[in-house]
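For reference, positions follow the sequence shown, starting with 1.
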Amino acid sequence: MSPSIPTSYRSHGGWTRATAAIAAWFTVALVGSVLGAFDSRARPPILLGAAALLPVLAFAITYARSQPLRSWVTTSADLRLLTLAHIWRLAGVVFIILYARGLLPGSFALSAGLGDMAIGATAPLVAWLIHARGANLPRRALVVWNLLGLADLITAVGLGVLSSQSRIGVLAAGGVTTRLMGTFPLALIPTFFVPLLAILHLVALTRLAHLQTGQTSRPARA
């Protein structure tokens, strides 16, 4: 059995439900992307934005209502795995390539691409620090890294909306917009991968907050 999943979480079927929910979520995002449901054309990308935000809200509600999930997040979530999951953000180089080809606006692509690449490139180092330091975790550094990663995702979503092919796309220039982000396969990024990674950052931050609280609440040794 994996030590990162507490018995209470398994006994409540939490892990099975979580896996099923993620699989269903990915399927909806995939089918919607293939069918063009997130292609906003000249309309504000409301559906695309909702697809990015609602999973995070659903996780927050589930966390508040599920004691087994809270127990896993606060006591068992593996910070190394949560960190290493962000390595895939090195794929943010695709945004830079698409910008260079004139397919994405620089107002979105440069920030999102460089931000993702920075987080992805530093993820192995941060994971190594977690492993090397053991109980003496550099908590402040880990909190800062996770906050920066979360801010990058939020900024990317905001800039994507402001660079869209709609009346609110005030940053779009020269006819180049972020409409491409609403088409398959790129639509999977804002509808699945961005909210998933945001949730991983939130889980890591919650785990770190619990570790900090647990450490400061311990009585001093005589």
Practice prompt. Please lay out, stage by stage, how Leu186 and Leu98 fare under the test side chain to side chain contact (heavy atoms under 4.5 Å, CB included).
Written response: CA-CA 11 Å; Leu186 291 181; Leu98 292 175; 3.7 Å; yes
Discussion item. Under 4.5 Å between side-chain heavy atoms, counting indirect links through other Ile/Leu/Val/Met/Phe/Trp/Tyr residues: same cluster for Ile154 and Val56 or not?
Written reply: yes
Practice prompt. Would you mind reporting whether Thr178 and Pro105 have side-chain heavy atoms less than 4.5 Å apart?
Written response: yes
Worksheet item: For the atom pair CG (Leu150) and CG (Leu202), what is the distance rounded to the nearest 0.5 Å?
Response: 5.5 Å
Worksheet item: Which pair of non-hydrogen atoms, one from Asn146 and one from Ala204, has the smallest distance, and what is that distance?
Response: OD1-CB, 3.5 Å
Item to complete: Mind checking the CG-CG spacing from Leu79 to Leu137? Nearest 0.5 Å is all I need.
Response: 6.5 Å
Discussion item. Using side-chain heavy atoms (C-beta onward) and a distance below 4.5 Å, is Ile96 in contact with Met117?
Written reply: yes
Worksheet item: Do the side chains of Leu196 and Pro55 get nearer than 4.5 Å, heavy atoms only?
Response: no
Worksheet item: Going through the checks in order, is the side chain to side chain contact (heavy atoms under 4.5 Å, CB included) test met by Arg70 and Thr206?
Response: CA-CA 9 Å; Arg70 290 196 302 275; Thr206 304; over 6 Å; no
Discussion item. For a quick test of reading the model, state the closest non-hydrogen atom pair linking Leu82 to Ala77 and the distance between them.
Written reply: CD1-CB, 4.0 Å
Worksheet item: Which distance, rounded to the nearest 0.5 Å, do you find between the CZ of Phe26 and the OG of Ser33?
Response: 8.5 Å
Worksheet item: If you measure from CG on Leu84 to CG on Leu200, what distance do you get to the nearest 0.5 Å?
Response: 11.5 Å
Worksheet item: Are the side chain of Trp25 and the backbone N or O of Thr191 linked by a donor-acceptor pair below 3.5 Å?
Response: yes
Worksheet item: Taking all non-hydrogen atoms of both residues, which atom of Leu197 and which atom of Ala85 are closest, and how far apart?
Response: CD2-O, 4.0 Å
Practice prompt. Search all heavy atoms of Ala37 against all heavy atoms of Leu47 and return the closest pair with its distance.
Written response: O-CD2, 3.1 Å
Worksheet item: Is the backbone N or O of Leu180 less than 3.5 Å from a side-chain atom of Thr183, with the two atoms forming a donor-acceptor pair by type?
Response: yes
Worksheet entry | Spatial distance of atom CD1 (Ile199) from atom CG (Leu153) [nearest 0.5 Å] | 11.0 Å
Discussion item. Is there a side-chain contact between Trp145 and His201 in this structure, where contact means two heavy atoms from C-beta onward sitting under 4.5 Å apart?
Written reply: yes
Discussion item. Is it true that, when you exclude Phe192 itself, more than 12 heavy atoms of the residues, nucleotides or ligands shown sit nearer than 6.0 Å to its CZ?
Written reply: yes
Discussion item. Thr74 vs Arg207, test: side chain to side chain contact (heavy atoms under 4.5 Å, CB included). Steps then yes/no.
Written reply: CA-CA 5 Å; Thr74 58; Arg207 178 84 171 105; 5.8 Å; no
Worksheet, complete the sentence: Hits for ring-ring contact (aromatic ring centres under 6.0 Å, His included) against Trp88, two or more places apart or cross-chain, chain-then-number order -> Phe193
Fill in: Minimum-distance pair of heavy atoms, taken over all atoms of Leu90 and Ala121
CD2-N, 3.5 Å
Discussion item. Would a single hydrophobic cluster contain both Val194 and Met181, if residues Ile, Leu, Val, Met, Phe, Trp and Tyr are joined by side-chain heavy-atom contacts under 4.5 Å?
Written reply: yes
Worksheet item: Is there a side-chain contact between Tyr63 and Val203, using heavy atoms and a 4.5 Å cut-off?
Response: no
Worksheet item: So do Gln165 and Ser40 actually touch side chain to side chain, heavy atoms under 4.5 Å?
Response: no
Worksheet item: So which heavy atom on Pro45 is nearest to which on Ile168, and how close?
Response: CD-CD1, 4.4 Å
Item to complete: Answer with yes or no whether the hydrophobic clustering places Val176 together with Leu48; edges join I, L, V, M, F, W, Y residues whose side-chain heavy atoms lie under 4.5 Å apart.
Response: no
Worksheet item: With respect to Phe95, which candidate in Leu114, Leu110, Ile189 satisfies the side chain to side chain contact (heavy atoms under 4.5 Å, CB included) definition?
Response: Ile189
Worksheet item: With no hydrogens and no angle check, is any side-chain donor or acceptor of Ser164 less than 3.5 Å from a backbone partner on Val161?
Response: yes
Practice prompt. Sequence neighbours left out, what passes salt bridge (Lys or Arg N to Asp or Glu O under 4.0 Å) with Arg43? Give chain and number order.
Written response: none
Discussion item. Please say yes or no: joined through hydrophobic side-chain contacts below 4.5 Å, possibly via intermediate residues, are Ile119 and Leu205 part of one cluster?
Written reply: yes
Practice prompt. Check whether any side-chain heavy atom of Pro124 lies under 4.5 Å from a side-chain heavy atom of Ile87, and answer yes or no.
Written response: yes
Fill in: Arg89 side chain to Gly149 backbone, donor-acceptor under 3.5 Å
yes
Fill in: Distance (rounded to the nearest 0.5 Å) between Leu142 CG and Leu208 CG
5.5 Å
Worksheet item: Under 3.5 Å, is there a donor-acceptor pair linking the side chains of Ser163 and Thr177?
Response: no
Discussion item. Going by ring-ring contact (aromatic ring centres under 6.0 Å, His included), name the residues that satisfy it together with Phe38, two or more places apart in sequence or in a different chain.
Written reply: none
Item to complete: Measure from the side-chain N and O atoms of Ser71 to the backbone N and O of Gln67, and report whether any donor-acceptor pair falls under 3.5 Å.
Response: no
Worksheet item: Are Leu53 and Leu188 connected, step by step, through hydrophobic side chains (Ile, Leu, Val, Met, Phe, Trp, Tyr) whose heavy atoms are closer than 4.5 Å?
Response: no
Discussion item. Test side chain to side chain contact (heavy atoms under 4.5 Å, CB included) on Phe59 and Leu69; report intermediate values, then the result.
Written reply: CA-CA 10 Å; Phe59 170 78; Leu69 177 59; 4.1 Å; yes
